[in-house]
Structures are given as C-alpha cells and as structure tokens.
Amino acid sequence: MDFWILMTVFVLAAFVGYFVVWGVTPALHSPLMSVSNAISGIVIIGALITAGISEMNAAKIWGLGAVVLAAINIFGGFAVSQRMLMMFKKKAQKEKK
Amino acid sequence: MPNSHLAFAYLLSSILFIFSIRGLASPETARRGNLLGILGMVIAVAATLFSPLVHEYLWVLAAILLGGILGTFPALKVKMTSLPQMVAAFNGLGGLSSVFIAVAEIISGADSYLETSLGLIIGALAFSGSVIAFAKLQGLISPKALVFPLQQTLNLLLGLAVIALCACFVIFGNKDLFYALAALSILLGFLLVLPIGGADMPVVISVLNAYSGLAAVGIGFALNNILLITVGSLVGASGAILSYIMTKAMNRSLKNVMLGGFGTKAQTAQTTSLEDRQAKAGSPADAAFIMENADKVIIVPGYGMAVAQAQHVLKEMADDLHNKYGVEVKYAIHPVAGRMPGHMNVLLAEANVPYEEVFELEEINREFATADVAFVIGANDVTNPVAKTNPDSPIYGMPILEVEKAKTVFFVKRSLASGYSGVENPLFYADNTIMLYGDAKKVTEEIVAVLENN
C-alpha cells in the first residue's frame with residue numbers, strides 16, 4: 001500500500017485518539033491505561049500473520065512467541081479493566097442493596 | 001474470507017475500539033466500553049484467522065490459548081495496590097511482542113527495513129523500560145532514582161548509536177546490524193528508566209503505554225496493515241495525553257521527569273529555619289472528637305494510605321462520621337496521588353467508596369475554605385503550600401490541594417520527614433495543624449474505635 005495512504009490514516013487516527021482520550025474522566029485514568037494496554041495487543045494481528053505460515057521455521061517460532069505475548073496483553077488487560085470497572089459504583093445502587 | 005471482507009472487519013474493529021475508549025468518559029458507560037473493546041479484538045483476530053494471510057491453525061490457536069491463560073490468571077488475582085506494576089508488565093510484554101514480530105519479519109526476508117526497525121526500537125524501549133518500572137514498583141530494586149556520573153551523556157551517546165545503527169541497517173540491510181540494534185535498544189530502555197524515582201512512575205508508565213502503541217504503528221507500517229496503524233495511534237494518543245496530564249499536575253516538563261534524578265538533592269536551605277518550630281501532635285481520640293463535631297470533612301488520601309492498606313478502614317471512618325454524626329464527607333484526589341494515573345480512584349472504588357464522593361483537584365479546591373476538617377492521610381507534597389509561595393522550590397508551581405484553608409488539618413504520618421520531592425512541608429507547623437503520628441491504618445482504626453464507642 002502507498003506509504004502516504006498509511007501516513008494519512010496514522011495522522012487522522014491520532015487526531016481521533018486525541019479528542020476521544022481528552023473526553024475520558026480523570027477518575028477512570030487507570031482503566032483507560034489498562035484498556036489501551038489491552039488494545040495495544042492489536043499487534044497480535046501482525047503476530048498471527050507472521051506465525052500463520054505453513055512451514056515450521058525460525059520466523060514462525062518468533063511469530064508464535066509474539067502471539068503468546070500479545071495474547072497475555074489482551075486477555076490480562078481486558079480482564080483487569082473489567083475488574084476495576086466493576087468496582088466503580090454509584091451511591092444510589094449501593095443503597096438499594 | 002476475501003480481502004474486502006477483511007478490510008471491512010478491520011474498519012468495524014477500529015470503530016469499536018474508538019467507542020471503547022469513548023465509553024470511559026463516564027463510569028456509567030465504562031463497562032460497556034470495555035466490552036466493546038473485547039468485541040473489537042475478537043472481530044479483528046477472527047477476521048485475520050479466516051483470511052488467506054493465515055495458513056496454519058493448530059500452533060497459532062495453542063499460542064493464543066497459552067497467552068490467554070498466562071494473562072487472565074494474574075489479572076484476576078492482582079491486588080489493586082499492585083496494579084501499576086501489572087500494567088507495566090503487560091506493557092512490556094506488548095513491546096516485546098512487537099520486537100518478536102520485527103525479528104520474524106527480518107528473518108523471513110522482509111524488505112521494509114525502516115518501518116520494521118522503528119517497530120523494533122520502540123517495542124524494545126517499551127519492553128526494557130517496563131522491566132525496570134516493574135522492578136521498581138514491585139520493590140525488586142530500589143524505587144529511588146539511580147544516578148551515576150555522566151549518566152545523561154552515556155544515554156545520549158547510546159541514543160545516537162541506536163539512530164546510527166538503524167541508519168546503517170536501512171542502508172546496508174545486514175541482519176547482524178539488526179540484531180545489534182535490538183540489543184542496543186533494549187539496553188537503552190533499561191538505562192533510561194533507572195534514574196527515575198518511584199513517585200514519577202505515573203509519568204513513566206504513561207510514556208511506556210504510548211510507546212507500546214507506537215510500536216504497533218511501526219509494525220503496521222512494516223506489514224502494510226491499516227488496523228495496526230489506527231489502533232496503535234489511538235493507544236499512542238492515550239499514553240501521550242496521560243503523560244501530559246501527569247507532568248502538568250507536577251508542574252514539570254516531560255524532559256525534566258524523563259531525565260530523572262528528581263528528589264535526590266536534599267533541600268538543606270530551608271530546613272534550618274523550621275527546626276526550632278514545634279509541630280502539634282494529637283491522639284486518635286482528639287481527631288475523633290473534632291471530626292464528629294464537624295459539619296464537613298474532606299479526606300485527602302495519598303500513596304502512603306495505599307501502602308498501609310488503609311482504604312477500607314478509611315471508608316469505615318467516613319461511614320461512621322456520616323451515618324452516626326451526620327457529617328458531610330468528601331474525598332479529594334490529586335492527579336499524581338498513587339503510582340499510576342487514576343490509581344487512588346481505583347483504590348477508593350475498591351473500598352466501596354461511591355465515585356460521586358470522590359473529587360478531582362479543580363473540583364474541590366475551593367471547598368477547603370468551608371470545610372471544618374481536612375484529613376490528610378499518606379499524602380505530603382501535594383498539600384505543600386511552598387509550591388505556591390517559594391519560587392526556588394523544586395515543586396514551585398505544582399497545583400496543590402489547599403488543605404491549609406480548612407479550620408483544622410490532620411496529617412496522618414509516621415514522622416515529620418519530607419516527601420518524595422525532599423521539600424519540607426511548613427504546614428506541619430501551622431497553628432491549625434495537628435499531627436497524628438503512626439501507621440495510617442492503625443491510626444484510622446483507633447479513630448474508628450473511638451467513633452463507634454461513643
């Protein structure tokens with residue numbers, strides 16, 4: 001793909017990120033960090049492509065290692081975010097119990 | 001799955017990730033946000049697996065499963081006080097994943113040298129930087145800033161060497177240069193984080209977070225993959241903004257934090273003038289008496305509270321004050337309280353403090369003037385009025401919680417020692433300040449005991 005198409009996507013996505021992230025409430029900065037951490041596990045896509053070749057060789061082994069590492073990031077990141085977010089309760093909800 | 005379908009799935013997944021972060025705008029929509037993120041990831045992974053790009057499944061699925069188990073288990077068990085080091089660890093593994101992909105690409109003869117090198121360098125920095133951050137937060141090595149002579153010169157030279165090696169590799173394409181580049185980048189990551197002290201970790205973790213996103217962008221350029229680029233830049237933006245917010249909250253530049261060494265120089269100049277002054281000490285019973293007769297109490301928790309694991313008993317104290325004595329209780333949080341952005345909010349949420357009672361600095365600062373009691377527990381620098389009055393102080397200009405405006409200020413602290421910045425806090429000696437010496441948890445427990453026996 002043309003480098004400049006990718007560059008355009010990169011810069012525009014950074015703008016989207018900029019505006020979306022400023023909208024996050026400071027109270028949720030820790031979950032933001034762990035969610036974005038999990039999302040950065042998107043490198044798993046690259047890892048899957050390198051690990052997905054048919055013959056078993058050095059490149060595939062490095063690729064598989066990358067899949068494991070990215071998967072740790074994804075599963076761990078989303079799990080701990082969910083745990084954190086479950087803790088943020090409203091006053092009203094609590095009094096109903 | 002044909003290419004157009006794959007492209008559509010990637011587009012859908014990008015949109016879901018944007019909504020996922022958007023969801024964090026409020027605690028009500030945050031859980032849905034996280035679920036949207038999971039959905040986005042499932043779609044991206046499934047679409048890639050079903051695409052012609054992947055030919056083999058057994059090993060690949062086994063690798064995902066293994067990573068899933070290794071990631072989920074600690075995430076469900078980790079204590080919330082240890083959250084920062086776990087995030088650091090995950091960040092590091094994400095960076096290492098980018099390194100592995102870059103190596104695999106070079107081995108299999110990819111020719112996008114520059115893009116792959118960038119993915120490699122940023123991933124390696126994220127990895128080794130996170131290793132040191134993890135070790136410091138976990139207490140495996142001293143959390144203090146580790147400084148030695150010519151440190152910055154050495155780091156600068158190493159940084160230049162990395163750039164030079166990268167340029168050589170891009171021009172000559174020799175694989176050995178690539179491996180040397182990987183080793184040098186990892187070394188640089190270690191050295192960059194060593195001189196940064198424990199209380200600056202919120203900034204470090206934010207920067208490393210941005211790196212792990214930018215590494216994904218680099219790999220995305222190398223593999224011509226748009227999804228990696230969009231999502232990586234989202235994460236990069238998040239890390240960059242958090243770093244900005246954290247440095248702003250300390251009135252320091254990113255450069256000042258990242259160069260490290262903060263708090264290693266003792267502040268001797270003003271110590272002498274304060275020595276002859278006497279700080280008033282009080283007992284937990286005094287504190288209980290003053291607080292139960294107050295109309296409004298603002299609690300200011302700091303990292304010391306988290307270390308003492310005092311958040312649950314603190315919540316008990318607040319409940320007693322509110323339910324038995326009708327006192328209005330609020331919590332005030334400084335942006336850099338804790339060891340990662342928003343850490344204190346999570347710790348209070350864990351202790352079942354409703355998030356409506358927890359306020360950020362700008363929201364609550366003017367309320368101290370109408371408060372009867374400011375109860376400062378495990379915090380110091382973030383309340384130090386020197387930040388407003390003394391232009392020579394290293395913390396000058398840092399926004400502080402103006403607890404001195406409350407009628408009575410309690411400091412729960414082990415001693416009169418200065419905080420991380422090394423700056424003495426004159427508030428300890430103020431007329432309306434009462435020191436409650438001791439462990440944060442024990443002192444609070446004693447207050448609760450008095451409150452409940454009355």
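Excluded from the calculations below are hydrogen atoms, water molecules and symmetry mates; all remaining heavy atoms, backbone and side chain alike, are included. The chains referred to below are lettered A, B, ... by the order of the sequence lines, with proteins before strands, and numbering in each begins at 1.
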Determine the minimum heavy-atom distance between [X] and [Y], stating which atoms define it.
X	Y	answer
A/F3	B/F221	CE1-CE2, 3.8 Å
A/V20	B/R22	CG1-N, 3.6 Å
B/Y10	A/I45	OH-CG2, 3.2 Å
A/A14	B/A237	O-CB, 4.1 Å

Tell me, for [X] versus chain A, whether the close heavy atoms (under 4.5 Å) come from the side chain, the backbone, both or neither.
X	result
B/E360	side chain
B/V217	side chain
B/M86	side chain
B/I333	neither

Q: Verify side chain to side chain contact (heavy atoms under 4.5 Å, CB included) between A/W22 and B/I245, making sure each step is shown before the conclusion.
A: CA-CA 10 Å; A/W22 272 116; B/I245 295 174; 3.7 Å; yes
Quick one: does [X]'s side chain have a donor or acceptor within less than 3.5 Å of a partner on [Y]'s backbone?
X	Y	result
A/N73	B/L93	no
A/S30	B/H343	yes
A/T25	B/A25	no

(Q) Test side chain to side chain contact (heavy atoms under 4.5 Å, CB included) on B/N345 and A/L28; report intermediate values, then the result. (A) CA-CA 7 Å; B/N345 300 77; A/L28 293 179; over 6 Å; no
Q: Just give me the residue among A/G65, A/G77, A/S40, A/G63 that pairs up with chain B most often, heavy atom to heavy atom, under 4.5 Å.
A: A/S40
Q. Of the listed residues (A/P31, A/S36, A/G17, A/P26), which shares the most heavy-atom pairs with chain B below a 4.5 Å separation?
A. A/S36
Q: Let me see the working for B/L242 and A/L32 under side chain to side chain contact (heavy atoms under 4.5 Å, CB included), right down to the final yes or no.
A: CA-CA 9 Å; B/L242 286 175; A/L32 166 66; 3.9 Å; yes
Q.
Using the rule given for side chain to side chain contact (heavy atoms under 4.5 Å, CB included), can you reason through A/T50 versus B/F100, listing the C-alpha separation, both sets of side-chain angles and the distance that settles it, and then say yes or no?
A. CA-CA 10 Å; A/T50 44; B/F100 278 23; over 6 Å; no
